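To start, the structure under review is shown below, and the notes come after it.
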Amino acid sequence: MQARGFESLSLRMVTLEQFIVDRQQEFEGATGAFSKILRDISLGAKLVSFYLRRASLAGLLGELGLTNIQGENVQKLDYLANSLFIQLLSKNPHVAGIASEEEENIICTNPYGKYVVLLDPLDGSSNIDVGVPVGTIFSLYKRVTPQGISCEEKDFLQGGRAQVAAGYVLYGTSTLLLYTTGQGVHGFALEPAAGEFLLVYPQLQMPPKSSYYSFNDNQLHEWEGGLQQYVRSLHDQNKSLSSPLSLRYVGSLVADVHRNLLKGGVFMYPGTVKKPEGKLRLLYEGYPIGWIVEQAGGKATNGRVPILDVPAHKIHQRTPLFLGPVEDIDKITAFLTYNVAVEKV
Ligand code: AHM
Ligand code: MG
């Protein structure tokens with residue numbers, strides 16, 4: 001018996017844990033370690049989701065009164081999310097070390113662990129106090145140092161192509177968790193009553209055409225001339241389109257990327273004359289989000305080369321970031337390559 005409107009119900013009955021167990025063979029030499037690490041990340045996400053929903057009533061909004069390694073004011077919830085994930089992961093025997101956007105140095109945990117985890121525990125945290133969605137971003141590498149000794153920075157600096165898993169959690173109207181192990185992008189929604197992430201996107205592919213563009217152009221006059229021309233071309237192109245592209249910019253990378261993955265759109269956070277490396281972090285944002293976008297059929301670059309091929313020299317390295325459908329990102333590269341002079345508009 002199958003009633004209309006209920007066709008996809010069976011899809012929603014697959015839990016994140018079951019989905020990973022069923023696909024263990026995707027993961028070379030799978031030992032169950034990956035599923036245990038992802039279970040800790042998803043548990044952290046459930047707890048962060050719980051605290052975010054209660055933040056304004058529980059006195060969890062606002063700044064903590066400390067600055068982090070990035071020189072930014074730490075929000076109470078930044079601190080809470082960072083502590084939660086670190087506590088959970090450092091007890092996991094498979095985790096050799098953790099690097100977090102909020103921590104100055106790497107944290108070496110279990111010397112016998114096989115993996116290291118990188119985290120942006122609460123991305124877009126300047127949005128917390130105004131009720132706008134925020135996210136968590138994570139990625140996972142097999143360590144290159146031998147098991148049995150303390151982890152080292154080189155375990156974290158292997159480059160984007162060495163990631164073995166990456167994903168994000170979006171704390172929005174629902175709490176969503178999307179991840180990849182290089183076999184496409186799989187997405188889950190938190191069912192709060194059951195406390196389980198249930199499958200909603202078995203294989204997410206982004207539309208090849210953009211409906212949106214997302215960038216903060218407050219520093220447009222400091223962008224490379226080619227990029228300024230690209231923006232002008234976008235506006236000109238809009239004049240002749242029957243369905244012009246719309247601007248959507250949340251200011252939370254995870255939210256901007258998630259919308260563009262579902263609806264089609266280009267995101268950029270370029271460098272400026274004063275800050276050529278831009279704002280976003282290569283290891284905590286560029287690599288994991290870049291891999292997700294690639295796996296969803298899009299393209300991710302630093303404007304010129306694929307973001308996953310940009311070498312990592314230090315854990316808090318920044319990078320310009322361009323994400324979206326292949327056609328749009330190739331166009332941006334062409335504008336940047338053929339017109340590099342800084343131009344005042
Ligand atoms: P954060 O990691 O300190 O929260 O900063 C990263 C966030 C991204 O989520 C977002 O894309 C960007 O900063 C927004 O920056 P801006 O306010 O300069 O547009
Ligand atoms: Mg961030």
Side-chain angles (χ1 to χ4, degrees), residues 45 48 52 55 60-64 66-83 85-86 98-104 118-139 166-172 176 178 212-223 227 231 247-261 265-290 292-293 298 300-303 307 315-324:
V48 170
L52 282 168
L60 287 171
L61 298 182
E63 291 172 1
L64 190 67
L66 297 174
T67 48
N68 65 9
I69 173 68
Q70 323 284 345
E72 299 154 349
N73 290 322
V74 178
Q75 308 285 316
K76 289 179 192 164
L77 279 158
D78 272 329
Y79 183 83
L80 187 79
N82 187 49
S83 314
F85 283 111
I86 290 175
I98 304 158
S100 163
E101 195 191 287
E102 296 296 328
E103 298 285 334
E104 182 165 1
L118 288 94
L119 288 168
D120 182 349
L122 207 56
D123 182 66
S125 51
S126 62
N127 277 327
I128 299 167
D129 289 1
V130 290
V132 171
V134 289
T136 294
I137 309 171
F138 60 91
S139 68
Y168 64 74
V169 183
L170 172 64
Y171 308 99
L176 297 165
L178 276 77
Y212 298 110
Y213 59 87
S214 320
F215 49 81
N216 181 350
D217 65 1
N218 69 341
Q219 298 295 312
L220 182 82
H221 58 285
E222 287 223 11
W223 292 359
L227 207 52
V231 173
L247 164 68
R248 292 284 186 281
Y249 187 75
V250 177
S252 281
L253 179 64
V254 170
D256 280 314
V257 166
H258 188 71
R259 182 202 51 250
N260 290 356
L261 280 182
V266 54
F267 170 93
M268 51 189 202
Y269 205 113
T272 61
V273 175
K274 289 193 196 101
K275 292 185 178 170
E277 296 311 320
K279 173 182 183 187
L280 301 177
R281 269 63 43 139
L282 180 62
L283 273 69
Y284 313 110
E285 289 154 337
Y287 285 161
I289 297 290
I292 291 270
V293 169
T301 73
N302 68 353
I307 200 74
I315 58 167
H316 295 299
Q317 188 169 327
R318 293 179 193 259
T319 181
L321 189 59
F322 298 81
L323 310 163

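We use all heavy atoms of the structure for the numbers below, so side chains are in, but hydrogens, waters and symmetry mates are not. Small disclaimer: the values here were computed from a predicted structure and weren't measured. In listed order, ligands and their atoms are each counted from 1.
Between atom 17 (O) of ligand 1 and the options Gln219, Lys279, Glu101, the minimum heavy-atom separation is to Lys279. The option from Met268, Glu102, Arg281 that lies nearest to atom 5 (O) of ligand 1, judged by heavy atoms, is Arg281.
Glu63 and Asn73 get closest at one heavy-atom pair: OE2-ND2, 3.5 Å. Closest non-hydrogen pair, Ile307 versus Gly290, comes out as CG2-CA, 3.8 Å. The nearest pair of heavy atoms linking Tyr249 to Phe215 is CD1-N, 3.5 Å. The minimum heavy-atom distance linking Pro133 with Ser252 is given by the pair O-OG, 2.6 Å.
Heavy-atom contacts of Gly124 reach the following atoms of ligand 1: 1 (P), 4 (O), 9 (O) (cutoff under 4.0 Å). If you number the atoms of ligand 1 from 1 as listed, the ones under 4.0 Å from a heavy atom of Ser252 come out as 9 (O). Using a 4.0 Å cut-off to heavy atoms of Asn216, the atoms of ligand 1 that qualify are 16 (P), 18 (O), 19 (O). Taking a cut-off of under 4.0 Å to the non-hydrogen atoms of Ser125, the atoms of ligand 1 that pass are 4 (O). Interface of Asp120 with ligand 1, defined as ligand atoms under 4.0 Å from a residue heavy atom, comprises 2 (O).
Residue Glu285 has at least one nitrogen or oxygen atom sitting less than 3.5 Å from a nitrogen or oxygen atom of ligand 1, judged on distance alone. For ligand 1, the polar-atom distance check against Leu253 finds a nitrogen or oxygen pair separated by under 3.5 Å.
By the 4.0 Å heavy-atom criterion, Tyr249 is counted among the residues contacting ligand 1.
Not one N or O on the side chain of His316 forms a donor-acceptor pair closer than 3.5 Å with the backbone of Glu102. A distance-only check finds a donor-acceptor pair linking the side chain of Arg318 to the backbone of Lys279 [under 3.5 Å].
Here the CG atom belonging to Leu321 is positioned 11.5 Å from the CZ atom belonging to Arg281, to the nearest 0.5 angstrom.
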